[in-house]
Amino acid sequence: MSSHAALSLPRRRLASVYQRLLATYRPQHWWPADSPFEVMVGAVLTQNAAWANVERALANLKRHRCLSAPGILDLDQEQLADWLRPSGYFNIKAGRLRNFCQWYCNAGGVRRLRRRDTASLRYQLLSVNGIGPETADDILLYAFERPVFVIDAYTRRLFSRLGLISGNEGYETLRHAFERALGPDTKVFNEYHALIVRHAKDVCRVRPLCLRCELRRYCQTGKLA
DNA sequence: TACCAGGAGAAAA
DNA sequence: TTTTCTCATGGT
């Protein structure tokens with residue numbers, strides 16, 4: 001029995017927002033990576049960091065042919081941190097990435113991990129120091145293609161401004177609410193989260209107030225763009 | 001100069 | 001149990 005508070009979200013409204021985002025931005029083809037393992041590394045590095053800076057850190061690992069769990073574990077912490085520097089919090093992230101790679105190797109790699117059910121995989125990911133709910137769900141959705149809805153700051157902001165949530169709900173409360181409302185659809189979860197991020201970047205990076213204006217327009221006219 | 005970006009964990013209250 | 005603090009670079 002889960003302990004999260006129940007929250008009901010309007011299925012049709014969520015579907016409508018999704019369709020409007022999709023019509024505006026087209027499919028995003030997430031996650032931008034060449035392999036499931038690169039997705040996982042990117043998920044750790046993108047914690048509180050701009051993706052462009054994460055790409056630089058990933059490029060450093062690729063350039064030195066170290067974008068693999070054994071490759072990362074073979075590096076000393078100082079070298080790894082130096083290559084992760086562009087993504088910020090490099091000392092913290094070097095430790096987190098090593099923790100994750102240790103777990104990944106112990107678990108037998110992606111093929112063995114794929115055999116596990118989603119709940120146990122999520123539980124194990126969360127047991128790794130440095131993997132929190134959002135990072136775990138990024139990995140489950142984009143690396144393992146499991147129907148898990150990722151809740152991030154953009155999701156909270158968008159749906160609180162649309163008046164569907166307060167924005168202060170717990171992570172699990174929101175995740176379960178979105179999953180119940182949308183149904184267990186990996187493809188939709190993948191695209192929905194990517195579109196939310198795309199929308200937030202598109203509007204907020206240019207001018208923060210635009211998002212509010214646009215959502216007000218959405219509430220009045222039903223049109224996002 | 002100040003703020004933000006695809007958070008998480010430890011410490012303090 | 002909840003809130004606050006810390007980690008840090010790079011772009012706007």
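Within every chain, numbering begins at 1; the chains are lettered A, B, ... in the order of the sequence lines, protein sequences first and strands thereafter.
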Sidechain-backbone polar pair: R180(A) side chain, L9(A) backbone, donor-acceptor under 3.5 Å: no
Give a yes/no on whether any side-chain N or O of N91(A) is located under 4.0 angstrom from OP1 or OP2 of dA8(C). yes
Using the rule given for side chain to side chain contact (heavy atoms under 4.5 Å, CB included), can you reason through C101(A) versus F37(A), listing the C-alpha separation, both sets of side-chain angles and the distance that settles it, and then say yes or no? CA-CA 10 Å; C101(A) 288; F37(A) 184 75; 3.9 Å; yes
Could you tell me the separation between the CH2 atom of W83(A) and the P atom of dT9(C), rounded to a whole number of Å? 19 Å
side-chain N/O S87(A) vs dG10(C) OP1/OP2, d < 4.0 Å: no
Heavy atoms only, 4.0 Å cut-off, all strands: where does V128(A) land among base, sugar-phosphate and nothing? sugar-phosphate
Name the nucleic acid region contacted by N129(A), choosing base, sugar-phosphate or nothing; use a 4.0 angstrom heavy-atom cut-off, strictly under. sugar-phosphate
Whole-Å distance separating the CH2 atom of W51(A) from the C1' atom of dT9(C): 16 Å
To the nearest Å, give me how far apart CD1 (I92(A)) and C1' (dT9(C)) are. 14 Å
Which whole number of Å gives the distance between the C1' atom of dA5(B) and that of dT3(C)? 23 Å
Rounded off to whole Å, could you give me the NZ-to-P distance for the K93(A) and dT6(C) pair? 18 Å
Whole Å only: how far is the CD atom of E134(A) from the C1' atom of dG9(B)? 15 Å
Classify I196(A) by what it touches in the nucleic acid, base, sugar-phosphate, or nothing, heavy-atom distance under 4.0 Å. nothing
Which of these nucleotides, dG7(B), dG9(B), dA5(B), is closest to any side-chain atom of R157(A)? dA5(B)
Closest to the 5' end of DNA chain C, once R56(A) and A49(A) are matched to their nearest nucleotides, is A49(A)
Is there a donor-acceptor contact under 3.5 Å from the side chain of E134(A) to the main chain of Y171(A)? no
Walking DNA chain B from its 5' end, the first of Q47(A) and N53(A) to be reached, judged by nearest nucleotide, is N53(A)
Taking the basic N atoms (NZ, or NE/NH1/NH2) and the acidic carboxylate oxygens, is any pair closer than 4.0 Å for R122(A) and E172(A)? yes
Provide the distance between the two P atoms, one in dA8(C) and one in dA11(B), to the nearest whole Å. 16 Å
What is the distance, to the nearest angstrom, from the CZ atom on R96(A) to the C1' atom on dG9(B)? 6 Å
What is the separation between atom CG on L97(A) and atom C1' on dC7(C), rounded to the nearest whole Å? 16 Å
Is it true that S16(A) and R20(A) share a donor-acceptor pair across their side chains at a distance under 3.5 Å? yes
Quickly work out the N168(A) CG to dT1(C) C1' distance and round it to whole Å. 16 Å
